[in-house]
Amino acid sequence: MSEERKSLNFIEQIIEEDLANGMSKDDLRFRFPPEPNGYLHIGHTKAIGISFGLGEKYKAPVNLRFDDTNPAKEEQEYVDAIKKDVAWLGYTWDKELFSSDYFQQLYDWAVQLIKEDKAYVDSQSSEAMAEQKGTPTQPGVDGPFRNRTVEENLDLFERMKNGEFDEGEHILRAKIDMQHPNMLMRDPIIYRVLKKHHHRTANDWCIYPMYDWTHGESDYLEQISHSLCSLEFKPHRELYDWFLDQVVEDDKLRPKQREFARLNLSYTIMSKRKLLKLVEDGIVNGWDDPRMPTISGLRRRGYTPAAIRKFVETVGVAKRENVIDVSLLEFCIREDLNKTAPRVMAVLDPVKLVITNYPEDKVEWLEAENNQEDESAGFRKVPFSRELYIEKEDFKEEAGNKFFRLKLGGEVRLKNAYIIKAESVVKDDKGEVIEIHCTYSEDTTKRVKGTLHWVSIGHAIKAEVREYDRLFNDEAPDSHQDKDFMEFINPNSLKIINAFVEPSLQEAKIGDRFQFQRLGYFNVDDDSTSEKLVFNKTVGLRDSWAKAQPKPQNKPAQNNTQNRPERKAIDVIQQLGKKYTNLPEAKQEKVKAEILELAEKVSYEELQPLFNTAAKKVGTRIAVALTLGVLLKNGQTKNDDINAFIDKATEDKNDILVAVANAI
């Protein structure tokens, strides 16, 4: 779908209205204002994407401004990490700025407020002030220091600045209205004493402005046209505007605050304070632990900027809070890596396989396709020999007709190699199979249903594989009032595996991403060295988590559907395909994910009749092509019917169908 055809989100509508009402396009300026008190996480990517996305759309500058008003929690490490993350996502900021750049101006404005009797120094305890402030249903009451003289307030405030008082002894408050319906307007704090070293201004200041005072005034100083923030700041908008009222001059642009729903993700913690606790308590190995939702953690796990940006685009801009299923994020990285990641072979849980009729000293270097989704990816050579490793779960001595892997007396194809037949096994003292003896056939044209990956034992490279699961077992770990979020930590979120990989990976570099065929997507971890390869599992080839969840029990029957047989996957796919081309792009992505998931349950025999779907039923043909792609990926070999369907699809007028057909 072209950019021009996309409907405007509500923020874009606001901007378009402002432009229609006389605002110059040259006056548009946005900003991303992180606090440097932690690492950016996946929730921040929405705010980043909105502001920088608007900058790209309107060719307007976007400032990166660090709101560094709390030296007790802020560090240069966080500044550096934030800059690295924003740049890695592919965004370029216009100016790098800090709220601390404006400390003198903010102080001067505060003095002006005092002179206009709009601010005063309060000397009470925080408990006394909280009691006087009232509740959302009860008005506050004036404190005993609210009517101090201007002269006394100026004297106390200057002495606060000069370091004559301890922390908590005095604060500066705006004099607004202690009976105001909005509690934020009940004489909010503007300055407090903090005798802490600041990462930029060192010890020049011992009083620091509060966020609400700093934020809008910084926007004004930078001439930000639209100050975009998440919904929790909506009650702050009235205070934002009140503070601006005190300083705005008629000949300068006045910033406009507007709010959007922040990004919430299932099975994920977004609070920087709680993420810091995970780090400090040793639950994870730092902010960039691949289980963390931080951008640095996602990067280390193997996520790409393109996948994260696609995720943010798919989620869209909303006015209401909602929780996005983490499986959508996983779908986006899976889709991206499917197109770009080279295919290689690795065995994570090996069992020895011996091809008894293959010469003992023979080694063949067979040609293997690097990525069937990318014609330019080329081929590589993989060594084949008499003794191989395969996955333990790919062999059973006895199995039913639906087990399409290796079993005694059965045949499978070895990926990029020969067809083998299992003849016998060798077991240890415990009865566990330690060797599978097979014979092979050089006739590779025979049709067999299963295809297995493998590595040659004599050429295999040992590697450490870190297999990650979700860090929390609960969908909303910090939503329980009676329980601490730490109670929902998944004790099995990390599994260390000693694996074997094909020799082409010997030269793999940190950050390189691969598809371990039939297993998932993996990348080379920062801990990897030339002596010891370390891989992180980024994501599986399909959503295994959803399948593992227990189904709801004892739900009341509705519309007498409880006794109906479950619909076949192929029937659901057909139904989804019928309306596919009429859906908006974001919905198409979700339906596509559902089709790909259902395709795992479809047999070739069920799909083949749909190859003859009428040309005008484009949506159904797209669904068939997506399903076929999964079958081919899982070992289905191409035949005349498949080739005819693909050839016809690639010549269609529908771009989506052509793209899917070309991919398979």
Side-chain angles (χ1 to χ4, degrees), residues 1 6-7 9 40-50 53 89-90 230 260-270 290-295 297-299 301-341 468-479 490 493 513 520-521 537-549 572-573 576 579-580 583-600 622-623 626 629-630 656 660:
M1 185 178 293
K6 285 184 179 179
S7 60
N9 62 53
L40 296 182
H41 55 62
I42 186 65
H44 293 112
T45 59
K46 183 174 182 180
I48 297 170
I50 288 174
L89 285 170
S230 48
F260 56 85
R262 66 179 179 178
L263 176 58
N264 298 300
L265 206 60
S266 63
Y267 298 97
T268 308
I269 290 288
M270 296 294 195
R291 291 166 291 181
M292 289 280 274
T294 54
I295 295 175
L298 291 168
R299 178 170 58 242
R301 185 155 174 174
Y303 274 75
T304 63
I308 294 175
R309 290 179 69 155
K310 179 64 176 176
F311 170 68
V312 171
E313 180 186 332
T314 304
V315 169
V317 182
K319 292 183 180 181
R320 294 183 179 179
E321 295 283 5
N322 58 352
V323 178
I324 306 300
D325 196 318
V326 69
S327 63
L328 177 60
L329 175 62
E330 293 167 346
F331 169 76
C332 289
I333 184 59
R334 197 179 285 120
E335 281 285 281
D336 187 40
L337 293 179
N338 181 49
K339 300 170 189 170
T340 59
Y468 297 100
D469 202 346
R470 292 176 185 167
L471 189 56
F472 295 97
N473 285 321
D474 189 83
E475 189 170 0
D478 58 350
S479 67
N490 176 8
S493 62
R513 304 176 182 92
Y521 296 98
K537 184 173 184 180
T538 306
V539 68
L541 292 177
R542 46 190 173 271
D543 187 358
S544 58
W545 180 275
K547 294 179 181 179
Q549 298 307 295
V572 179
I573 288 173
L576 292 171
K579 299 180 180 179
Y580 190 88
L583 298 173
E585 187 177 13
K587 184 67 173 175
Q588 281 184 355
E589 290 292 341
K590 294 178 182 177
V591 170
K592 180 180 178 182
E594 193 172 348
I595 291 171
L596 294 173
E597 184 73 23
L598 289 165
E600 301 289 344
I622 291 171
L626 290 169
V630 173
I656 299 176
V660 176

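Position 1 is the first residue of the sequence, and the numbers go up from there. Predicted, not measured: the structure shown is a model, and the values here were computed from it.
When side chains are defined from C-beta on, Leu541 counts as touching Tyr521, because their heavy atoms get closer than 4.5 Å. By the 4.5 Å heavy-atom criterion applied to side chains, Phe472 and Asp478 are not counted as neighbours. Between Ile48 and Leu40, the closest side-chain pair of non-hydrogen atoms falls below 4.5 Å. Two residues are said to be in side-chain contact when any heavy atoms from C-beta on lie closer than 4.5 Å; Lys310 and Asp336 fail this criterion. With a 4.5 Å cut-off on side-chain heavy atoms, Arg513 and Thr304 count as touching. In this structure, Arg542 and Glu597 have side chains that are in contact, with non-hydrogen atoms separated by less than 4.5 Å. Two residues are said to be in side-chain contact when any heavy atoms from C-beta on lie closer than 4.5 Å; Phe331 and Leu596 meet this criterion.
A salt bridge links Lys592 with Glu335: at least one charged nitrogen is closer than 4.0 Å to a carboxylate oxygen.
Atom CD of Glu330 and atom CZ of Phe311 lie 10.0 Å apart (nearest 0.5 Å). To the nearest 0.5 Å, the span separating CD on Glu475 from OG1 on Thr268 amounts to 10.0 Å. If you take CD1 on Ile295 and NE2 on His44, they are separated by 8.0 Å, rounding to the nearest 0.5 Å. The distance from the CG atom of Leu265 to the CE atom of Met270 is 4.5 Å, given to the nearest 0.5 Å. Remark: Asn322 CG to Asn264 CG distance equals 7.0 Å, nearest 0.5 Å. One finds the CD1 atom of Ile50 at 12.5 Å from the CD atom of Glu313 (value rounded to the nearest 0.5 Å).
The minimum heavy-atom distance between Ser493 and Arg470, with the atom names listed, is CB-O, 3.7 Å. The two atoms that bring Lys319 and Ala261 nearest to each other are C-CB, 4.1 Å, heavy atoms only. Contact record, Ile269 with Pro477: CD1-CG, 3.8 Å, taken as the closest heavy-atom pair. The two residues Arg301 and Arg291 have their closest heavy-atom pair at NH1-CA, 4.3 Å. When every heavy atom of Lys46 is checked against every heavy atom of Val317, the shortest pair comes out as CE-CA, 4.3 Å. Residues Leu337 and Gly302 come closest through the heavy atom pair CD1-O, 4.3 Å.
Remark: side-chain polar atoms of Thr538 are not paired, donor with acceptor, to backbone N or O of Tyr303 under 3.5 angstrom. Here the side chain of Arg334 pairs a donor or acceptor atom with the backbone of Gly540 at under 3.5 angstrom. For the pair Arg309 (side chain) and Leu89 (backbone), a donor-acceptor distance under 3.5 Å is present.
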Between Ile656 and Gln588, is a side chain to side chain contact (heavy atoms under 4.5 Å, CB included) present by the stated rule, with each step listed?
CA-CA 11 Å; Ile656 299 176; Gln588 281 184 355; 3.7 Å; yes
Full working for side chain to side chain contact (heavy atoms under 4.5 Å, CB included) between Leu598 and Glu594:
CA-CA 6 Å; Leu598 289 165; Glu594 193 172 348; 4.2 Å; yes
